Amino acid sequence: MSTDRYPFRTIEPKWQRRWEETRQFQVTEDPSRPKFYCLEMFPYPSGRIHMGHVRNYAIGDVLARYKWMRGFNVLHPMGWDAFGLPAENAAIEHGVHPAIWTYENIEHMRSQFKKLGISYDWSREIATCDPAYYRWEQLIFIRMLDRGLAYRKRSSVNWCPSCQTVLANEQVEAGRCWRCDSEVTKRDIDGWYFKITAYADELLEWCDRLPGWPERVMTMQRNWIGRSEGAEFDLPVSGRPGLSLRVFTTRPDTAFGMTYAVLAPESPLVDQLVTDDGERDVVERFRAEVARQSEQERVAEDRPKRGVRLSAHIVNPFNGAEIPLFIADYVLVTYGTGAIMAVPGEDQRDWDFAKSHGLPIIETVKRPERWTGEAYTGDGIKINSGFLDGLTIPEAKHKAIDWLVARGLGTAKVNYRLRDWGISRQRYWGAPIPVLYCPMCGMVPEREENLPVVLPRDVQISGKGGSPLADASHFVNAPCPKCGGAARRETDTMDTFVESSWYFLRYCSPHYDAGMFDPAAAEYWMSVDQYIGGIEHAVLHLLYARFYTKVLRDLGLTKVDEPFTALLSQGMVIKDGAKMSKSKGNVVDPDELIHNLGADTARLFSLFAAPPEKDLDWNDQGVEGASRFLNRIWRFVISHVAEIGSAPGARGRVEMPATPEGKAFRRIVHETINRVTADIDRDFHFNTAIAAIMELVNALYAFEASAGERMPAVERAGLLREAVETILRLLGPFCPHVTEELWEQLGHTESLFAQRWPGADLGALVRDEVTVVVQVDGKVRGRMTIDVNASSDVVERLALADDKVRPWVAGRRIEKVVVVPKRLVNIVTRP
RNA sequence: GCGGGCGUGGCGAAACUGGCAAACGCAUUGGACUUAAAAUCCAAUGUCCGCAAGGACUUCCGGGUUCGACUCCCGGCGCCCGCACCA
């Protein structure tokens with residue numbers, strides 16, 4: 001540990017206080033300036049911040065401060081995703097009320113964020129558990145109910161036995177709860193749904209229209225939506241007039257290869273097809289077996305496909321063939337129609353099943369020459385397919401669908417993997433769903449003037465299961481909004497992802513009380529120009545927020561189609577090869593780091609060690625290096641305050657220096673301006689931007705130690721001033737406290753962040769000479785410093801005359817000479 | 001299986017449109033300063049051969065295009081992430 005560090009412990013709080021007192025980062029709508037809405041995903045108030053937070057919010061802060069200096073009116077707000085299970089679990093374990101726990105955590109974390117010196121407009125802080133916040137989503141819920149975008153149904157849902165609540169499909173990861181990792185089971189439960197499937201096509205379409213989003217996130221969303229085109233048609237049951245099963249297929253062209261059909265075991269149609277008690281027994285036993293399968297078994301490698309043959313047969317409408325019917329575990333009741341036509345020739349799953357059950361296989365696509373595989377899914381010409389023979393697969397698909405439509409047997413059909421968003425949670429710490437159940441009127445939404453339906457504080461949180469609200473009679477019992485009679489309130493609360501689906505709109509006018517947000521403010525600020533957060537929300541929050549924004553648009557509340565113009569998905573913070581976690585013992589505590597080395601150092605290292613989208617490998621010695629760099633700047637500036645203060649042209653620009661050393665140094669200063677600016681603008685490569693500033697600081701030391709001694713004092717002081725002030729401005733967004741302090745030490749009275757971002761002086765960038773590499777047959781054999789404007793002929797002549805080069809050319813025939821101006825010469829030879 | 005990404009020194013990484021591979025930092029080594037240490041400053045540091053000047057090799061592997069390939073094309077190997085019996 002070094003002993004001689006700059007006084008970050010006094011300057012960091014000093015500037016945090018100053019920024020707050022001067023309301024430096026508080027903004028209002030200002031149509032005369034371009035706006036920039038910079039947003040990092042708001043945190044859950046878990047208690048303490050971790051290095052992942054530091055990195056996330058440091059990235060956002062660099063961008064926000066940079067945009068300030070570029071003259072933008074920057075909205076950079078902060079708030080709390082404050083509803084959720086951990087608060088309730090803390091209540092169960094420690095007896096503290098979720099509200100108390102949450103607000104205490106917010107207090108603590110707010111102070112931690114302030115210690116990081118992030119440029120938030122704290123006057124816009126929100127917490128989603130505030131009734132003044134969630135009342136608006138209750139209102140929207142009622143509007144969605146009107147339009148059929150919110151609805152209630154009984155359905156088989158994902159149930160987390162540990163969290164004691166339902167989970168949406170997006171919240172189940174490989175069969176486990178996204179939050180607590182428990183194995184998820186199935187339950188039939190009544191619940192509320194948002195009709196996100198109504199927006200499937202639009203959500204998908206916009207995936208191609210958001211170039212500011214990372215490709216991998218868009219791909220994950222596309223896959224999640226899972227659109228597939230095909231046909232749906234009926235297969236009549238043999239000898240049972242009027243009875244048929246409907247199947248969905250993406251390959252209607254393969255219908256002539258259908259050698260059997262399969263129903264999902266759970267399908268209700270199975271019960272109608274069963275002919276006697278013996279068969280019923282077999283079916284029920286199979287159903288029980290399928291239901292017993294654990295998630296583990298279901299995802300096991302090479303899981304054999306199991307099934308039971310029914311006595312019923314069905315008829316292939318394309319060729320009249322009578323074929324067997326099965327129930328099998330590989331057909332899902334939840335997708336398509338829950339029934340398939342099986343074409344083992346062109347579908348590997350059907351092929352596997354056919355092989356193990358001795359079923360025939362008909363090829364309907366001509367295989368390539370040396371085909372050795374099993375089911376064939378490639379291109380080819382149709383065979384064994386009646387009127388489709390000789391067509392390509394796309395042609396045959398169309399013709400098969402036309403054939404079905406003409407006979408009234410089926411239609412073209414699009415299916416999605418996406419399911420409606422189940423938003424009911426059987427838990428306490430969430431926004432109440434504003435409906436009541438009346439014995440006379442049925443389900444009735446709360447009257448809009450009665451909103452918000454406030455979540456009651458005095459509730460017993462036992463953790464015994466079931467919503468705690470159900471036992472709170474003062475909440476549950478309420479008059480019916482329609483008839484005034486005794487009714488019962490809904491006791492499910494909303495998924496917390498509903499709150500995070502619109503908080504970015506609330507930030508535009510967080511204190512507005514005539515609606516969800518002030519339309520004028522939202523019109524000015526939206527959309528979010530740059531959104532920053534972790535990849536874990538690729539299909540959760542980021543899909544829900546896109547959907548909800550479109551709903552609000554269709555309700556006439558906003559004009560934007562998409563909430564986030566650009567997304568930066570930052571990598572994880574890794575240490576010793578693993579994600580930081582208590583159990584691995586590799587956690588670095590931000591508080592400790594800030595105390596020992598300062599917030600600027602913590603920020604600098606997390607921005608320097610890797611580009612933002614990559615995982616960051618934490619390294620304590622690397623952090624020391626970052627601290628060393630800031631000390632180096634500090635020492636230089638402090639020891640040169642007097643000299644720099646004596647320089648003319650206190651505002652940066654200096655007269656073109658007279659000495660070659662001065663010119664060369666000044667060029668480095670201005671080249672650095674261009675490099676740093678380009679690195680920030682192009683892909684947020686803060687790591688290389690910082691590296692460029694480090695190079696400039698190295699050059700500054702070298703200049704001061706050597707050439708600087710021999711030039712006129714006025715020139716030297718002017719160059720030092722320009723260099724130092726450039727460094728402070730370029731580094732400001734990364735390390736705002738130390739740069740702001742040094743800026744003041746140099747005699748400035750206005751904040752560094754009220755300064756304009758520097759621009760390179762084109763005159764300073766001009767070079768007289770340039771170093772050109774000379775290659776012989778692609779290998780570097782020499783280099784020469786020549787006039788920048790030398791013609792290609794001259795460059796070629798000089799290269800051939802070079803002492804280092806000549807021996808390599810001697811005795812060989814020169815084939816040609818390639819001259820790349822200002823870069824290199826390649827002499828191509830033959831023996 | 002499908003989709004996306006990646007592969008460069010001891011380590012984190014850099015290289016814009018094909019043009020000096022390894023910038024910057026960490027670590028290591030040497031020197032200066034010091035009674036000494038720390039801090040600081042200066043220097044060296046891809047691998048191999050060589051006392052040296054210098055040379056050969058090197059961006060996962062194998063081919064190709066090109067005067068020239070980390071970068072483009074073809075084939076392979078390996079790793080990471082997401083979805084996964086989605087018909």
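Letters A, B, ... mirror the listed sequences (proteins, then strands); counts begin at 1. Quick caveat: nothing in here was measured; it's all calculated off a predicted structure.
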* Asked: Phosphate oxygens OP1/OP2 of B:A39: is one of them under 4.0 Å from a side-chain N or O of A:Arg635?
  -> no
* How would you label the glycosidic angle of B:G9: syn (within 90° of 0) or anti? -> syn
* To do: Write down the distance separating the C1' atoms in B:C26 and B:C81, rounded off to the nearest Å.
  => 28 Å
* Side-chain donor-acceptor contact under 3.5 Å, A:Lys382 with A:Thr364 -> yes
* Asked: Between B:G12, B:C42, B:A84, which nucleotide has the shortest distance from any of its atoms to the side chain of A:Tyr701?
  -> B:C42
Restricting to nitrogen or oxygen on both sides, can you table the protein-nucleotides 2-11 of chain B pairs closer than 3.5 Å?
none

* B:U17 and B:A87, which share atom name C1', separated by this distance in whole Å -> 46 Å
* **Between C1' of B:C81 and CD1 of A:Ile574, the distance in whole Å** => 12 Å
* To do: Rounded to whole angstrom, note down the C1' distance from B:A69 over to B:A21.
  => 11 Å
* Does the side chain of A:Arg813 come under 3.5 Å of the side chain of A:Thr829 through a donor N or O and an acceptor N or O? -> no
* Structure fact -> A:Ala691 has its side chain closest, among B:A87, B:C24, B:A56, to B:C24
* Short side-chain N/O contact from A:Arg417 to OP1 or OP2 of B:A84, under 4.0 Å -> yes
* To do: Could you work out the separation of B:G31 and B:G50 based on their C1' atoms and round it to a whole Å?
  => 25 Å
* Sugar-phosphate only, base, or nothing, as touched by A:Arg781 at under 4.0 Å among non-hydrogen atoms -> sugar-phosphate
* If pairing requires Watson-Crick or G-U wobble contacts with both distances under 3.5 Å, which nucleotide is the partner of B:G25? -> B:C11
* Structure fact -> Checking B:G55, B:A87, B:G12 against the side chain of A:Phe608 (C-beta onward), the nearest is B:G12
* Asked: When rounded to the nearest Å, what value does the distance between P atoms of B:C77 and B:G62 take?
  -> 15 Å
Output a table of nitrogen or oxygen pairs between the protein and nucleotides 14-21 of chain B separated by less than 3.5 Å.
from	atom 1	to	atom 2	distance (Å)
B:A14	OP1	A:Asn687	ND2	2.9
B:C20	O2	A:Arg783	NH1	2.5
B:C20	O2	A:Arg783	NH2	3.1
B:C20	N3	A:Arg783	NH1	3.3

* Asked: Could you state the CD-C1' distance from A:Glu796 to B:C67, rounded to the nearest angstrom?
  -> 13 Å
* Asked: Are the charged groups of A:Asp329 and A:Lys305 less than 4.0 angstrom apart, N to O?
  -> no
* When you check the side-chain N and O atoms of A:Tyr330 and A:Asp352, is any donor under 3.5 Å from an acceptor? -> no
* **Between P of B:A39 and CZ of A:Phe629, the distance in whole Å** => 19 Å
* Determine the contact category for A:Val331: base if any of its heavy atoms lies under 4.0 Å from a base atom, sugar-phosphate if only primed atoms, P, OP1 or OP2 are that close, otherwise nothing. => base
* To do: Verify whether one side chain among A:Asn223 and A:Arg417 offers a donor that lies under 3.5 Å from an acceptor in the other.
  => no
* Asked: Which nucleotide, in any strand shown, forms a Watson-Crick or G-U wobble pair with B:G78, with both distances under 3.5 Å?
  -> B:C6
* Using a cut-off of strictly less than 4.0 Å, decide whether A:Ser228 has a side-chain nitrogen or oxygen near OP1 or OP2 of B:A87. => yes
* **Interatomic distance where NZ belongs to A:Lys804 and C1' belongs to B:A53 [whole Å]** => 10 Å
* Contact class for A:Trp618 (heavy atom, under 4.0 Å): base, sugar-phosphate, or nothing? -> nothing
* Given B:G12, B:U40, B:C83, the nucleotide with the shortest approach to the side chain of A:Ala609 -> B:G12
* Asked: What does B:C72 pair with, Watson-Crick or G-U, if both distances are under 3.5 Å?
  -> B:G64
* Asked: Rounded to the Å, how far apart are A:Lys816 NZ and B:G68 C1'?
  -> 10 Å
* With a 4.0 Å cut-off on heavy atoms, is A:Thr334 in touch with a base, just the backbone sugar-phosphate, or nothing at all? -> nothing
* If you measure from the P atom in B:G10 to the same atom in B:C74, how many Å do you get, rounded? -> 31 Å
* Taking the same atom, C1', in B:A13 and in B:C70, what whole-Å distance lies between them? -> 14 Å
* Structure fact -> note: A:Ile535, atom CD1; B:C80, atom C1'; distance rounded to Å ~ 13 Å
* Using a 4.0 Å heavy-atom cut-off across all strands, classify A:Lys779 as base, sugar-phosphate, or nothing. => sugar-phosphate
* Please indicate whether A:Arg9 has more than 12 foreign heavy atoms, meaning atoms of other residues, nucleotides or ligands, lying under 6.0 Å from its CZ. => yes
* **Base-pairing mate for B:A38 - Watson-Crick or G-U, with both contacts under 3.5 Å** => none
* Do A:His537 side-chain atoms and A:Gly533 backbone N/O form a donor-acceptor pair below 3.5 Å? -> no
* State plainly whether the residues A:Arg306 and A:Glu289 are in salt-bridge range, i.e. N to O under 4.0 Å. => yes
* Asked: With both distances under 3.5 Å as the test, what is the Watson-Crick or G-U wobble partner of B:C83?
  -> B:G1
* To do: Determine the Euclidean distance between corresponding C1' atoms of B:A15 and B:G54; express it in Å to zero decimal places.
  => 27 Å
* Determine yes or no for a side-chain-to-main-chain donor-acceptor pair under 3.5 angstrom, with A:Gln221 supplying the side chain and A:Ala538 the backbone. => yes
* A:Arg246 NZ/CZ over A:Phe233 ring centroid, <6.0 Å and within 45° of normal -> no
* Which part of the nucleic acid, if any, lies within contact of A:Asn698, taking any heavy atom under 4.0 Å across all strands shown: a base, the sugar-phosphate backbone alone, or nothing? -> sugar-phosphate
* How close or far is atom P of B:A87 from atom CG of A:Leu263, stated in whole angstroms? -> 18 Å
* **Between A:Glu704 and A:His640: side-chain donor-acceptor atoms closer than 3.5 Å** => yes
* Under the salt bridge (Lys or Arg N to Asp or Glu O under 4.0 Å) rule, what pairs show up with a residue in residues 609-623 of chain A, not counting sequence neighbours? -> A:Lys575-A:Asp620
* To do: Measure the distance from CG on A:Leu630 to P on B:G25 and round it to the nearest whole Å.
  => 13 Å
